[in-house]
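The first residue of the sequence shown is numbered 1, and numbering continues consecutively from there.
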Amino acid sequence: MSATITAFYNNKGGVAKTTSTINIAGELSKQQKKTLIIDADPQGHSTLSFGYDADSIDVELGTMLYNKLEGSQAKEYFIHINDYLDVVPANQTLADFIASNPEGNNYLNDFLKGLRNEYDYIFIDMAPAVDVILANVLNVVDDLVVLSSPQPYAVRNTERTLNTTDSYNVPIRRIVATMVDKRVNTDKEFLEQLKEIATEHNVKLADTYIPMRAAFRDSMGRYQMPLSLVDEPSYKEAQQYYHKLTKELGY
């Protein structure tokens, strides 16, 4: 076993990076694929999505990095979601660590030693900022999934994101359109713009898009779980999107 490491990224916030990370990870755990989510955002959104108060966690990613722990040494501090899914939590301590290590580009690589052989997939949920975390992530990932929502700034930042990743020569698995409402003409135009950007960068735009659905938020509010892990008949229609996207991404 040697994990495929993927990060979900756009250097703009609010494009469903966390929602996509946790739902695809949930899908794979249901397929009995050993999956690890690394919450690399000091806001701790992936951590919060599973019902954990990120700020109350004493030992999280920032603390692990401060203490130069390899991931295999820190597994007792991972959040165990089910037999096939774990989460490395994060909170503001990670931001403090980043501020005190502004030029370190290998600490995630050191942290991941030993973990690659314990998981099938490792997903990194990234903060939108372009900083030392980005440099660390781009040094360890096998590829990226770039997410974009139908907002002018998001489309613009998708272009900027791809310019950044091109400079690191990091493969892009797909660009994925999120929060789409195809009844709205501007959203249709947005998809066309993304296709043009993808073509310019020799990247494929995923055929599967993620629509606007209240169910994605509702599942975390009601069940403190991503939609893909909730057994609720009323969610079946919304659940199909990340199920289809997981297959299209080749996981």
Would you check, one step at a time, whether the test side-chain contact (heavy atoms from CB on, under 4.5 Å) holds for Ile38 with Leu112? CA-CA 10 Å; Ile38 296 178; Leu112 286 168; 3.6 Å; yes
Minimal non-hydrogen separation, Tyr242 against Ser20, with atom names: OH-OG, 2.8 Å
Test item: side-chain donor near acceptor, Glu60 and Thr63, under 3.5 Å: yes
Using modelled atom types only, decide if a donor and an acceptor are shared between the side chain of Asn106 and the backbone of Asn109 within a distance under 3.5 Å. no
Spacing of OG belonging to Ser2 relative to OH belonging to Tyr119, to within rounding of 0.5 Å: 14.0 Å
Please examine the side chains of Val176 and Val145, heavy atoms only from C-beta on, and report whether any two atoms are closer than 4.5 Å. yes
So, taking the atom named OG1 in Thr208 and the one named NZ in Lys244, what distance separates them when rounded to the nearest 0.5 Å? 5.5 Å
Applying a strict under-4.5 Å side-chain criterion to I, L, V, M, F, W and Y, I'd like to know whether Leu194 and Leu147 cluster together. no
I'd like to check Thr93 versus Tyr66 (side-chain heavy atoms, cut-off strictly below 4.5 Å). Are they in contact? yes
Would you find a donor on one side and an acceptor on the other, under 3.5 Å apart, between the side chain of Glu27 and the backbone of Thr246? no
Using a 4.5 Å cut-off on heavy atoms from C-beta on, say whether the side chain of Arg160 contacts that of Thr164. no
Keeping Asn23 on the side-chain end and Ser228 on the backbone end, is there a donor-acceptor pair under 3.5 Å? yes
Going through the distances and angles, do Asp166 and His201 end up as a side-chain contact (heavy atoms from CB on, under 4.5 Å)? CA-CA 8 Å; Asp166 285 350; His201 288 268; 2.7 Å; yes
Check the pair Val140 / Phe111 against side-chain contact (heavy atoms from CB on, under 4.5 Å), numbers first and verdict last. CA-CA 10 Å; Val140 299; Phe111 179 76; over 6 Å; no
Are Leu61 and Tyr9 connected in a single hydrophobic cluster, I mean Ile/Leu/Val/Met/Phe/Trp/Tyr linked by side-chain heavy atoms less than 4.5 Å apart? yes
Count I, L, V, M, F, W, Y as connected when their side-chain heavy atoms are under 4.5 Å apart, and connections chain through other members. Are Ile98 and Met64 then in the same cluster? yes
Report yes if the side chains of Phe216 and Ile210 come closer than 4.5 Å at any heavy-atom pair, otherwise no. yes
Considering only heavy atoms from C-beta outward, does the side chain of Val146 approach that of Leu162 to under 4.5 Å? yes
Side chain to side chain donor-acceptor pair (under 3.5 Å) between Tyr84 and Thr35, worked out: CA-CA 6 Å; Tyr84 296 94; Thr35 306; over 6 Å; no
Should the pair Arg213-Glu237 be classified as a salt bridge under the 4.0 Å nitrogen-to-oxygen rule? yes
Heavy-atom donor-acceptor pair, Asp39 side chain to Thr47 backbone, under 3.5 Å: yes
Can you give me the closest heavy-atom contact between Ala90 and Asp41, atom names plus distance? CB-O, 3.6 Å
Are Leu108 and Tyr121 co-members of a hydrophobic cluster defined by side-chain heavy atoms under 4.5 Å apart? no
Does a side-chain heavy-atom distance below 4.5 Å link Phe190 with Val180? yes
Would you say the ring centers of Phe123 and Tyr251 fall short of 6.0 Å from each other? yes
At what distance, to the nearest 0.5 angstrom, does CD of Glu159 lie from OG1 of Thr161? 9.5 Å
Which distance, rounded to the nearest 0.5 Å, do you find between the CG of Asp125 and the CD1 of Ile22? 8.5 Å
Ile57, Val88, Asp86 screened by side chain to side chain contact (heavy atoms under 4.5 Å, CB included) with Ile79, the one that passes: Ile57
Can you confirm whether more than 12 heavy atoms, excluding those of Asn169, are under 6.0 Å from its CG atom? no
Within the 4.5 Å heavy-atom criterion, are Ile81 and Met225 side-chain neighbours or not? yes
Around atom OH of Tyr235, are there more than 12 heavy atoms of other residues, nucleotides or ligands at under 6.0 Å? yes
Taking all atoms of both residues into account, what is the closest heavy-atom pair of Ile197 and Thr158, and its distance? CG2-CG2, 4.4 Å
Interatomic spacing from NZ in Lys75 to CG in Leu115 - rounded to 0.5 Å: 7.0 Å
Would you find more than 12 non-hydrogen atoms of other residues, nucleotides or ligands less than 6.0 Å from Lys33 atom NZ? no
Can you see which heavy atom on Met220 is nearest to which on Thr19, and at what distance? CE-OG1, 4.3 Å
Using modelled atom types only, decide if a donor and an acceptor are shared between the side chain of Asn10 and the backbone of Ser148 within a distance under 3.5 Å. no
Between Asp187 and Lys182, is there a side-chain heavy-atom distance shorter than 4.5 Å? no
Using the rule given for side-chain contact (heavy atoms from CB on, under 4.5 Å), can you reason through Glu192 versus Lys188, listing the C-alpha separation, both sets of side-chain angles and the distance that settles it, and then say yes or no? CA-CA 7 Å; Glu192 290 303 315; Lys188 294 177 185 176; over 6 Å; no
Is it true that Leu36 and Met126 fall in one hydrophobic cluster, defined by side-chain heavy atoms closer than 4.5 Å? yes
Got more than 12 heavy atoms from elsewhere within 6.0 Å of CG, Asn163? yes
Heavy-atom pair of closest approach, residues Ser219 and Leu227: OG-N, 3.2 Å
For Phe97, is there any backbone N or O sitting under 3.5 Å from a side-chain donor or acceptor partner on Ser100? yes
Is there a donor-acceptor pair closer than 3.5 Å between any side-chain N or O of Asp142 and the backbone N or O of Ile5? yes
Closest approach of Ala206 and Leu245, non-hydrogen atoms and distance? CB-CD1, 4.2 Å
Rounding to 0.5 Å, atoms CG (Leu144) and CD1 (Ile124) come to a distance of 9.0 Å
Would a distance-only check, ignoring hydrogens and angles, find a side-chain to backbone donor-acceptor pair under 3.5 Å from Asp143 to Arg173? no
